[in-house]
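Proteins get letters first, then strands, A, B, ... in listed order; numbering begins at 1 in each.
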2 protein chains.
Amino acid sequence: MTTRGRKNSSITIVDVAREAGVSYSTVSRVVNDNSHVRPETRARVLNAMLRLGYVVNQQARSLRGGRSQVIGVLVPDVGNTYIGAIIQGIDSELAARQYHLMLYTTHRRKTKESAYVTTITRGMADGLLLLLPTNVEAYIESLQKLQFPHVLVDYQHVENAFTSTVQSTNWQGAYDATRYLIELGHRRIGYIVGQREMQCSLDRLAGYRAALADAGLPIDPELIYPGDFYRPQGYMAANHFLSLPNPPTAIFAANDLSAFGVMDAVLNSGRRIPEDISVIGFDDILEAGHVHPGLTTVRQPLEEMGRVAAQLLLKRLDNPDLPGERVEMATELIVRDSCAPAREGVGIPPEVSRRY
Amino acid sequence: MTTRGRKNSSITIVDVAREAGVSYSTVSRVVNDNSHVRPETRARVLNAMLRLGYVVNQQARSLRGGRSQVIGVLVPDVGNTYIGAIIQGIDSELAARQYHLMLYTTHRRKTKESAYVTTITRGMADGLLLLLPTNVEAYIESLQKLQFPHVLVDYQHVENAFTSTVQSTNWQGAYDATRYLIELGHRRIGYIVGQREMQCSLDRLAGYRAALADAGLPIDPELIYPGDFYRPQGYMAANHFLSLPNPPTAIFAANDLSAFGVMDAVLNSGRRIPEDISVIGFDDILEAGHVHPGLTTVRQPLEEMGRVAAQLLLKRLDNPDLPGERVEMATELIVRDSCAPAREGVGIPPEVSRRY
DNA sequence: GAGATTTTTGCAAACGTTCACACGAATTTC
DNA sequence: GAAATTCGTGTGAACGTTTGCAAAAATCTC
């Protein structure tokens with residue numbers, strides 16, 4: 001036996017043909033059951049396939065010019081439940097349609113992102129799903145020029161008619177959250193921005209500003225702090241807010257992860273949530289409902305977004321001449337326990353600094 | 001222009017050959033730069049490749065009998081940071097070695113797991129990484145018979161010399177955790193078991209029992225409650241423990257997720273952690289350090305486990321005659337804030353039932 | 001029941017590679 | 001400097017499919 005008994009042992013269409021006493025192209029026709037095959041013959045072939053345990057060789061199939069049945073999914077990283085939820089949605093849709101999922105993580109390295117895109121477009125995959133892409137400009141043009149089917153998730157500003165996008169109503173979500181805080185009586189609301197290079201960050205910031213403006217409240221630049229969607233930065237931002245001479249009574253973080261950082265900082269400072277300071281997030285990742293107190297946040301239908309993105313792409317694959325679509329999915333304010341009506345004289349830590 | 005300009009536009013080895021004025025096999029040699037090619041010729045070919053933007057077609061390459069440069073990764077689901085961390089490790093290793101990662105999620109559907117395995121082994125991938133596999137028996141034999149390279153992560157009982165495994169010292173970790181609680185003075189320690197069908201669950205349970213036995217403590221069946229590694233079940237288990245006439249003073253959950261459920265239940269009951277009840281987990285997923293109070297837990301080097309598993313597999317690919325390896329990685333007790341010395345008269349909720 | 005039509009089937013070529021083999025050129029050996 | 005060796009390059013076949021074309025078989029039409 002050779003060292004690579006594996007490849008040798010694989011059953012091909014020819015083996016099945018011999019077994020069934022037909023030609024290999026008849027077997028092919030049975031496999032792709034689109035063409036006319038006599039029911040009797042089909043049964044015989046099917047039987048032989050079953051007996052021999054035939055499995056189609058995708059490589060050969062896609063080489064011949066067909067589809068590879070592979071969808072590339074490009075993600076920044078996979079260690080958080082935000083991305084996880086979206087992938088879950090994508091996966092369920094792809095699996096249902098017999099597609100394979102090729103995962104590429106960029107770890108926020110810009111060069112990698114566009115390098116992957118070129119490999120993927122060359123035969124590796126039939127289509128591409130880009131989650132939270134950061135330097136879209138670097139490759140979007142070549143995707144469009146090659147007419148390579150793709151869908152951007154959580155990215156907005158694409159004017160090209162070929163590119164499809166899926167995102168949630170970031171502006172509205174931020175507006176709603178801010179408005180909710182205002183209605184609770186908060187007048188000074190700190191905002192922690194997301195990564196500047198992502199459009200959703202800007203949209204959320206704009207929603208925050210709009211809500212303040214609509215309520216006739218001033219926009220205090222001191223209350224807008226840069227962030228990066230990660231927890232440590234949220235922690236730092238909150239500490240900044242708390243050290244202000246006139247600290248905010250509520251903090252709105254551009255995503256849940258940042259909000260968790262805020263909660264850490266607030267609780268560490270001896271203040272209580274929501275009695276002393278209200279905290280609100282964005283995304284509604286799994287953990288939002290699990291922290292104490294439960295985080296009030298703006299829900300993005302993450303899994304659903306993944307599913308829709310996959311659907312859009314698959315639809316596109318079946319009909320390449322369709323124009324790109326832009327789907328916007330509604331956010332929803334999820335009220336839990338991290339927000340309370342504003343009180344007077346808040347922001348001042350209570351005498352007893354309890355540890356939490 | 002046709003509807004599928006994409007496939008047509010792809011540059012092949014032949015195009016490069018024509019451009020460089022050499023034969024296509026010379027180009028192939030340059031691409032796989034193992035053979036002797038005159039430096040001058042190589043430069044000319046390289047130049048042509050660059051000019052034309054040539055990218056190798058993996059499908060054709062692997063059809064020819066070579067490697068597909070694809071590794072299949074089979075996971076139960078991708079929505080939690082435990083799996084995420086392992087995938088992260090796998091991915092970093094694969095990316096460094098120019099391998100692609102094909103992701104398959106089983107969502108705990110047993111049939112799917114073995115169905116995937118057959119598709120993967122037939123040409124889709126060069127090797128297979130199985131994370132937390134559940135019904136290994138269903139396909140392990142065929143993997144071994146086909147000599148298909150594979151590594152099981154977090155699974156133990158495989159006696160076959162061909163199969164490689166990576167896992168952590170589950171028994172020891174549980175032993176250490178239990179022992180730690182005992183040293184803190186706890187005598188009644190509740191244990192929440194993991195999924196029965198996973199070996200690690202049994203190992204951890206055994207470690208717990210051994211530590212109790214070694215300390216001369218009785219093993220009270222009432223204090224061992226079935227779980228499934230998920231949060232809601234942890235919550236239920238803790239409620240069970242708390243409702244006991246003589247509740248435990250510490251609860252050890254078979255993984256962090258369950259431990260979070262425990263924390264929810266304990267805090268909901270108005271008890272404090274760690275003052276009234278100590279809680280300890282297993283895994284040290286990202287969130288363990290983020291909850292309040294920080295969860296004391298047994299750390300598994302998850303990312304590292306993923307990396308090692310990938311290394312094992314790749315080593316195997318390069319040298320198919322190597323026997324399977326079994327790597328066991330050390331766990332480590334991470335002490336945070338969820339455990340305290342046992343007190344008398346605990347388990348009785350304080351008068352003031354505070355809200356958390 | 002013979003020709004026309006339709007359905008079913010087989011053959012051959014192609015997809016883009018790799019690789020064994022062979023052959024000519026360059027280099028070494030004596 | 002001729003024979004032997006090594007090096008560099010080209011030719012052809014193969015990997016497992018799909019699919020256009022044509023032949024064979026079955027069915028229909030009168």
Side-chain angles (χ1 to χ4, degrees), chain A residues 2 4 6-46 48-49 52-70 119 121-124 126, chain B residues 2 4 6-46 48-49 52-70 119 121-124 126:
Chain A
T2 58
R4 42 213 289 260
R6 181 165 65 83
K7 283 278 170 186
N8 309 352
S9 72
S10 114
I11 310 276
T12 82
I13 215 174
V14 181
D15 300 319
V16 177
R18 196 183 315 111
E19 176 83 4
V22 295
S23 84
Y24 54 84
S25 57
T26 300
V27 177
S28 174
R29 273 186 276 262
V30 171
V31 172
N32 305 280
D33 64 10
N34 38 8
S35 225
H36 321 260
V37 176
R38 193 144 56 103
E40 186 190 306
T41 321
R42 151 165 288 123
R44 214 165 61 236
V45 171
L46 247 28
M49 275 173 35
L52 266 47
Y54 169 78
V55 178
V56 69
N57 180 325
Q58 266 301 343
Q59 339 270 349
R61 187 181 257 181
S62 66
L63 176 57
R64 178 51 230 257
R67 309 250 91 111
S68 69
Q69 295 292 114
V70 171
T119 358
T121 51
R122 296 309 184 88
M124 244 3 238
D126 294 337
Chain B
T2 58
R4 40 213 290 260
R6 184 165 62 84
K7 284 279 173 191
N8 310 352
S9 72
S10 115
I11 310 276
T12 82
I13 214 175
V14 181
D15 300 319
V16 176
R18 196 182 317 112
E19 176 83 3
V22 295
S23 83
Y24 54 85
S25 61
T26 300
V27 177
S28 174
R29 272 186 278 260
V30 171
V31 172
N32 306 280
D33 62 12
N34 39 6
S35 224
H36 320 258
V37 176
R38 193 147 54 105
E40 185 191 306
T41 320
R42 153 167 286 125
R44 215 164 60 234
V45 172
L46 247 27
M49 275 171 40
L52 267 46
Y54 170 78
V55 178
V56 69
N57 180 327
Q58 265 301 341
Q59 339 271 348
R61 184 182 261 182
S62 67
L63 175 58
R64 177 52 230 260
R67 310 250 93 111
S68 68
Q69 294 293 112
V70 171
T119 0
T121 51
R122 297 309 185 87
M124 244 2 236
D126 294 336

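Spacing between atom CD1 of B/Ile11 and atom C1' of C/dG16 amounts to 13 Å, rounded to whole angstrom units. Rounded to whole angstrom, the span from the CG atom of B/Asp15 across to the P atom of C/dG16 amounts to 8 Å. Distance, B/Met124 CE to D/dG16 C1': 14 Å, rounded to whole Å. Residue A/Leu52 contributes atom CG, which lies 14 Å from atom P of D/dG16 at whole-angstrom precision. Separating the CE atom of A/Met49 from the C1' atom of D/dT17 is a distance of 14 Å, rounded to the nearest angstrom. As a whole-Å value, the separation of A/Asn57 CG from C/dC15 P is 18 Å. Atom CD1 of B/Ile13 and atom P of D/dG12 are 17 Å apart (whole Å). Atom CD in B/Glu40 sits roughly 12 Å away from atom P in D/dG8 (whole-Å rounding).
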query = Are A/Asn57 and A/Thr12 close enough, and set up right, to give a side chain to side chain contact (heavy atoms under 4.5 Å, CB included), and what steps lead you there?
reply = CA-CA 8 Å; A/Asn57 180 325; A/Thr12 82; over 6 Å; no
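When all heavy atoms of B/Ile11 and B/Tyr54 are compared, the closest pair comes out as O-CD1, 3.4 Å. Of all non-hydrogen atoms in A/Arg67 and A/Ser62, the two that sit nearest each other are O-CB, 3.4 Å.
Atom-to-atom distance recorded for A/Leu63:CG and B/Gln58:CD is 12.0 Å, nearest 0.5 angstrom. Note: B/Ser10 OG to B/Asp15 CG = 7.5 Å, rounded to the nearest 0.5 Å. Rounded to the nearest 0.5 angstrom, A/Thr26 OG1 and A/Ile13 CD1 are separated by 9.5 Å.
Across all strands shown, A/Val55 has heavy atoms under 4.0 Å from sugar-phosphate atoms exclusively, and none from any base. Within the nucleic acid shown, B/Thr12 comes within 4.0 Å of sugar-phosphate atoms alone, with no base atom in reach, counting heavy atoms only.
Of the two residues near DNA chain D, B/Val37 and B/Ala60, the one whose nearest nucleotide lies more 5' is B/Val37.
For D/dG8, one of the phosphate oxygens OP1 or OP2 lies less than 4.0 angstrom from a side-chain nitrogen or oxygen of B/His36. Between B/Thr41 and D/dT9 there is a side-chain N or O to OP1 or OP2 distance below 4.0 Å.
Contacts between residues 20-27 of chain B and DNA chain D, defined by a heavy-atom separation under 4.0 Å, are made by B/Val22, B/Ser23, B/Tyr24, B/Ser25, B/Thr26.
Of the candidate nucleotides C/dC15, C/dT17, D/dT17, C/dC15 has the atom lying nearest to any side-chain atom of A/Leu63.
In this structure, B/Arg61 and B/Val31 have side chains that are in contact, with non-hydrogen atoms separated by less than 4.5 Å. A/Val45 places none of its side-chain heavy atoms less than 4.5 Å from the side chain of A/Arg29.
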Nucleotide N/O of nucleotides 21-28 of chain D paired with protein N/O under 3.5 Å:
none

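Panel note: side chain A/Arg44, backbone A/Ala20; a donor-acceptor pair is recorded below 3.5 Å.
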